[in-house]
Number of protein chains: 2
Amino acid sequence: MGNKGENNRQRIVSAADQLFYRRGYNQTSFRDISDETGIPRGNFYYYFKTKEDILGAVIDARVNAFEEMLEACSSSASDPRERLLCFTNMLSVSEDAVLQAGCPIGTLSSELAKDDDAYQEMSRAVFTVIRQWLVKQFNALGSSSSDEKAMDLLARMQGVCVMACAFDDRKYLRRSLADIQAWVNSQTLS
Amino acid sequence: MGNKGENNRQRIVSAADQLFYRRGYNQTSFRDISDETGIPRGNFYYYFKTKEDILGAVIDARVNAFEEMLEACSSSASDPRERLLCFTNMLSVSEDAVLQAGCPIGTLSSELAKDDDAYQEMSRAVFTVIRQWLVKQFNALGSSSSDEKAMDLLARMQGVCVMACAFDDRKYLRRSLADIQAWVNSQTLS
DNA sequence: GTCTATAGCCGGATAGAC
DNA sequence: GTCTATCCGGCTATAGAC
């Protein structure tokens with residue numbers, strides 16, 4: 001009952017997470033994950049039944065990571081606008097990664113939409129966690145149609161990621177984040 | 001000197017175009033294109049040296065198709081706002097496809113960003129054609145910072161495509177297109 | 001639990017007959 | 001120009017020793 005196995009499992013998920021982001025799910029092979037972790041290819045099947053199962057574990061890990069991040073934003077301020085700014089600031093913290101590979105959630109979702117349908121529903125979970133948290137913040141601001149605003153904010157950030165990555169344009173990314181944050185600040189507390 | 005060869009070449013590019021859109025570039029095999037066209041796999045190498053060359057031809061075809069489409073929008077109206085609305089209406093015309101596979105330009109760009117760098121620059125060409133046309137229209141409206149507005153409009157449309165596809169949400173897509181078009185209409189002719 | 005070897009399949013690419 | 005047969009390598013997945 002040692003937890004060495006759990007360590008290895010986590011290391012596989014963590015490496016797969018990074019690789020799925022930087023190369024894409026379909027373009028990441030077991031060999032890549034093996035090279036990254038030093039764990040032999042054959043061992044993966046002790047922890048996971050299929051590659052799809054690894055994808056599921058990666059998505060679970062991302063859901064957890066975003067839940068923690070959103071919780072941290074919730075804790076960092078009581079003003080919902082401040083919380084929303086904390087969330088959008090992700091685009092600044094991850095600037096280099098966004099320019100190179102886009103948004104991890106958006107690009108995975110777009111990729112999986114072209115594979116089997118079951119995959120796409122898995123990836124939607126990450127968006128859903130964020131969407132619901134955003135709805136809470138807009139509700140706290142007394143907004144009408146909070147879900148629409150949540151979707152609008154998500155869409156705006158996704159669009160900025162797509163374009164910033166497509167043109168590898170750091171200035172555009174920074175300007176657009178500033179625009180988004182100005183919009184958030186304009187959301188009045190009724 | 002028959003043009004039968006040119007026909008086959010076009011049929012390959014056309015089938016590849018569709019498949020790259022619906023399944024992704026990396027997930028489309030020569031076998032897929034062969035099944036779709038009835039042209040044997042081996043023949044592809046008479047028309048193209050590598051799969052990458054087929055990608056190049058597909059991107060060229062898309063550039064041409066968008067140039068024609070934008071030209072049609074230019075011809076359809078003299079009011080730049082009307083022209084911009086004509087362009088954004090693409091999201092309505094391609095509703096089903098967008099819900100299933102996202103934006104053909106954006107998703108290809110995101111996919112290729114994770115492959116070799118050279119690929120990504122190829123795919124940027126399609127965005128660039130549209131971007132320049134949009135700048136012209138905003139200039140005609142007397143806008144300041146037309147390029148920023150062009151990028152903002154593109155980003156907004158990209159974001160809507162990502163989210164509409166992720167949630168397979170037709171209502172959201174329609175509402176967001178209406179929002180975008182309202183924004184276009186609010187761009188005053190100075 | 002860990003590791004090696006390998007099966008079985010499919011990918012892009014090539015050779016060469018017609 | 002068209003088509004078939006095939007090479008070679010990489011992929012996921014499995015078998016089985018330790």
Side-chain angles (χ1 to χ4, degrees), chain A residues 1-59 108 111-112 114-119 122-123, chain B residues 1-59 108 111-112 114-119 122-123:
Chain A
M1 202 181 273
N3 65 349
K4 187 112 181 272
E6 268 313 302
N7 270 333
N8 277 345
R9 204 192 123 99
Q10 280 180 327
R11 284 173 58 221
I12 292 169
V13 172
S14 171
D17 191 351
Q18 292 295 316
L19 288 163
F20 290 175
Y21 177 31
R22 299 193 191 275
R23 302 191 195 174
Y25 169 70
N26 290 300
Q27 290 300 104
T28 298
S29 71
F30 281 48
R31 183 183 298 267
D32 294 329
I33 304 174
S34 171
D35 289 347
E36 192 72 20
T37 57
I39 297 169
R41 296 179 277 302
N43 284 30
F44 296 160
Y45 292 90
Y46 175 74
Y47 301 103
F48 304 97
K49 238 169 58 100
T50 63
K51 188 184 179 187
E52 209 173 322
D53 284 353
I54 298 182
L55 174 61
V58 166
I59 291 175
L108 182 66
E111 181 181 3
L112 297 183
K114 314 210 172 198
D115 290 356
D116 206 300
D117 275 356
Y119 289 25
M122 294 174 61
S123 75
Chain B
M1 201 181 273
N3 64 349
K4 186 111 181 270
E6 269 312 302
N7 270 334
N8 277 347
R9 205 192 124 97
Q10 281 180 327
R11 284 174 58 222
I12 291 169
V13 172
S14 171
D17 192 349
Q18 292 295 317
L19 287 164
F20 291 175
Y21 178 31
R22 301 194 189 274
R23 302 190 193 176
Y25 169 69
N26 291 300
Q27 291 299 105
T28 298
S29 71
F30 281 47
R31 183 183 300 266
D32 293 330
I33 304 174
S34 171
D35 289 347
E36 192 72 21
T37 57
I39 298 168
R41 296 173 274 303
N43 284 29
F44 296 159
Y45 292 89
Y46 175 74
Y47 301 103
F48 305 95
K49 237 167 60 96
T50 62
K51 189 185 178 186
E52 210 172 322
D53 284 350
I54 298 182
L55 175 60
V58 165
I59 290 175
L108 182 66
E111 181 181 2
L112 297 182
K114 314 212 172 197
D115 289 356
D116 206 300
D117 274 357
Y119 289 25
M122 293 172 65
S123 75

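Each chain gets a letter, A, B and so on, in the order its sequence line appears, and its residues count up from 1. This structure is a prediction, so every number in the text was calculated from the model and none was measured. FYI, side chains are in, hydrogens and waters are out, and symmetry mates aren't considered; it's all heavy atoms of this structure.
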Fill in the blank from the handout: Judged by nearest nucleotide, the residue sitting upstream toward the 5' end of DNA chain D, B:Arg41 or A:Asn26, is B:Arg41
Problem - Distance, rounded to the nearest Å, where A:Asp35 contributes CG and D:dC11 contributes C1' - result: 14 Å
Exercise for the section: Report which part of the nucleic acid A:Thr28 touches: base, sugar-phosphate, or nothing (heavy-atom distance under 4.0 Å, all strands). Expected result: sugar-phosphate
Handout entry: Length of the CZ-C1' vector between B:Arg31 and C:dA13, whole Å
Key = 14 Å
Completion exercise
Winner on side-chain proximity to A:Lys51, out of D:dA13, C:dG12, D:dT4, is D:dA13
Practice task
Taking all non-hydrogen atoms of both residues into account, name the closest pair between B:Glu36 and B:Leu19 and its distance.
Solution key: CB-CD1, 4.3 Å
Problem - Residue-phosphate contact under 4.0 Å: A:Tyr46 side-chain N/O, C:dC3 OP1/OP2 - result: no
Exercise for the section: With the side chain of B:Thr50 defined as its heavy atoms from C-beta on, choose the nearest nucleotide among C:dA13, D:dG1, D:dC3. Expected result: C:dA13
Exercise for the section: Output yes when at least one side-chain N/O atom of B:Tyr47 is less than 4.0 Å from OP1 or OP2 of D:dT2, else no. Expected result: yes
Problem - N/O (side chain, B:Tyr45) to phosphate O (OP1/OP2, C:dT14) under 4.0 Å - result: no
Practice task
Measure from CG on B:Leu19 to C1' on C:dG11 and round the result to the nearest Å.
Solution key: 15 Å
Handout entry: Phosphate OP1/OP2 of D:dC3: any B:Asn43 side-chain N/O under 4.0 Å
Key = yes
Practice task
Take the protein atom CD of B:Gln27 and the nucleotide atom C1' of C:dG12, then report the distance between them rounded to whole Å.
Solution key: 14 Å
Completion exercise
Closest of C:dG11, C:dC3, D:dA13 to the B:Ser29 side chain is C:dG11
Exercise for the section: Check the distance between D:dA13's C1' and A:Asp53's CG and give it to me in whole angstrom. Expected result: 13 Å
Exercise for the section: Assess the side chains of B:Ser29 and B:Asp32: does a donor N or O sit below 3.5 Å from an acceptor N or O? Expected result: yes
Practice task
Check the side chains of A:Asn43 and A:Asn8 for a donor-acceptor pair under 3.5 angstrom, ignoring hydrogens and angles.
Solution key: no
Practice task
Find the distance A:Asp32:CG to D:dG9:C1' and express it as a whole number of Å.
Solution key: 15 Å
Problem - Minimum heavy-atom distance between A:Phe48 and A:Ala57, given as atom pair plus value - result: CE2-CB, 3.7 Å
Exercise for the section: Give one of base, sugar-phosphate or nothing for A:Phe30, where a contact means two heavy atoms less than 4.0 Å apart. Expected result: sugar-phosphate
Handout entry: Length of the line joining A:Phe44:CZ and C:dT6:P, which is rounded to integer Å
Key = 20 Å
Practice task
Check whether any side-chain nitrogen or oxygen of A:Asn8 sits under 4.0 Å from OP1 or OP2 of C:dG1, and answer yes or no.
Solution key: no
Handout entry: Pair B:Phe30 and B:Tyr45, ring centroids less than 6.0 Å apart
Key = yes
Problem - Between P of D:dC3 and CD1 of B:Ile39, the distance in whole Å - result: 8 Å
